[in-house]
K.L.:
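Following this message is one structure expressed as structure tokens.
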Amino acid sequence: MKEKGFSQAVIFDLDGVIVSTDEFHFWAWKRLTEREGIYFDRWINEKLRGISRMQSLEIILEKATREYGVADKQQLAAEKNEYYIELINSQLNPSYILPGVMTLLPCLKRKRIGIAIGSSSRNALLILEKIGLDGYFDVVVDGHEIEKSKPDPEVFLLAAKRLGVPAENCLVVEDADSGVEAALSGGMSVLGVGSACHHPKATHTVPDLSKISVQELIDLIGSGKTV
Ligand code: G6P
Ligand code: MG
């Protein structure tokens, strides 16, 4: 494989960091749970942030009043994904890119900092295409390529390996508690944004990426310090 030649990198989670897909996930799960007569609300939805589709379903089924077998679960997960993709295909566009993203990304590229996506989603490539960022990142690792979901660091370690950058020279940007844990256990510093903007263990936190400059972001790489 060709060496990419980066000495530092930033690995971005996708959903809730680069793009706002939260509502689409919520409405797809809501449609499924209403049909199945399973209680579901926004508080339960919050627990699904960063968690794989099947693990999300397991959390949702904690409120079910009947047992679901393996085949039933696969069917339900597939149906949720159909509902989700319907929403993504009909509604997702570049206006869903989150604040600050399109300022920081080109600056990082200009400074020769590697940029990657490390996402649990199996729809990452479709989402990147819908927001016009397919082919933009140096590396994309998604839910198809990992065995263990966040908080396991697998997705970030694989991204770092593909970038050719040691973990200690990578910064992860995450909105999920599970993702913050994953980054830290992979030996990377982590910027918590959105729902993780008060995470006590994050290296630094901001409400969204418009609240941090490219230099402040770079200073967090491998530092473990706060800006
Ligand atoms: C992201 C979202 C999760 C979602 C997961 C899997 O991490 O934050 O809420 O469950 O991706 O998404 P998928 O698109 O594969 O169903
Ligand atoms: Mg996320």
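Just follow the structure's listing: the first ligand is 1, and inside any ligand the first atom is 1.
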K.L.:
So which protein heavy atom does atom 1 (C) of ligand 1 come closest to, and at what separation?
P.N.:
Asp15 OD2, 3.4 Å
K.L.:
Take the Mg ion (ligand 2) as the centre and count protein N, O or S atoms at distances under 2.8 Å.
P.N.:
3
K.L.:
Ser119 near ligand 1, heavy-atom distance under 4.0 Å?
P.N.:
no
K.L.:
My understanding is that only residues two or more places apart in sequence, or in another chain, count here; which of them pass salt bridge (charged side-chain N to carboxylate O under 4.0 Å, His left out) with Lys47?
P.N.:
none
K.L.:
Which of the atoms of ligand 1 are close to Arg122, meaning less than 4.0 Å from one of its heavy atoms?
P.N.:
13 (P), 14 (O), 15 (O)
K.L.:
Side chain or backbone of Ile51 under 4.0 Å from ligand 1, or both, or neither, by non-hydrogen atoms?
P.N.:
backbone
K.L.:
If I apply the N/O under 3.5 Å rule, does His25 come out as touching ligand 1?
P.N.:
no
K.L.:
Within the distance-only criterion (no hydrogens, no angle test), does the side chain of Lys150 pair as donor or acceptor with the backbone N or O of Phe156 below 3.5 angstrom?
P.N.:
no
K.L.:
Using 4.0 Å as the upper bound for N to carboxylate O, is an ion pair formed by Asp138 and Arg162?
P.N.:
no
K.L.:
Looking at non-hydrogen atoms alone, which of Ser56, Gly16, Ser121 comes nearest to atom 11 (O) of ligand 1?
P.N.:
Ser121
K.L.:
Give, for atom CZ of Arg122 and atom CD1 of Ile85, the distance between the pair rounded to the nearest 0.5 Å.
P.N.:
12.0 Å
K.L.:
What I want to find out is whether Arg31 reaches Glu34 closely enough, with some N-O distance under 4.0 Å, to be called a salt bridge.
P.N.:
no
K.L.:
Heavy atom of Gly50 under 4.0 Å from ligand 1?
P.N.:
yes
K.L.:
Would you please classify the geometry between the Tyr96 ring and the Phe24 ring as parallel, tilted or perpendicular, with 30° and 60° separating the classes?
P.N.:
tilted
K.L.:
Could you check whether any side-chain N or O of Thr205 sits under 3.5 Å from a backbone N or O of Cys197, counting only pairs where one atom can act as donor and the other as acceptor?
P.N.:
yes
K.L.:
Can you find an N or O of Arg53 that's nearer than 3.5 Å to an N or O of ligand 1?
P.N.:
yes
K.L.:
Give a yes or no answer on whether the side chain of Ser195 reaches the backbone of Ala176 with a donor-acceptor pair at less than 3.5 Å.
P.N.:
no
K.L.:
Regarding Asn45 and Asp22, is there a side-chain donor-to-acceptor distance under 3.5 Å anywhere?
P.N.:
no
K.L.:
Can you report which non-hydrogen protein atom sits closest to atom 9 (O) of ligand 1, along with the distance?
P.N.:
Leu48 O, 2.9 Å
K.L.:
Does Ser52 use its side chain to pair, donor to acceptor, with the backbone of Ser149 at less than 3.5 Å?
P.N.:
no
K.L.:
Less than 4.0 Å between a side-chain N and a carboxylate O, is that true for Arg42 and Glu23?
P.N.:
yes
K.L.:
If you measure every N or O of Asn123 against every N or O of ligand 1, does any of those distances drop under 3.5 Å?
P.N.:
yes
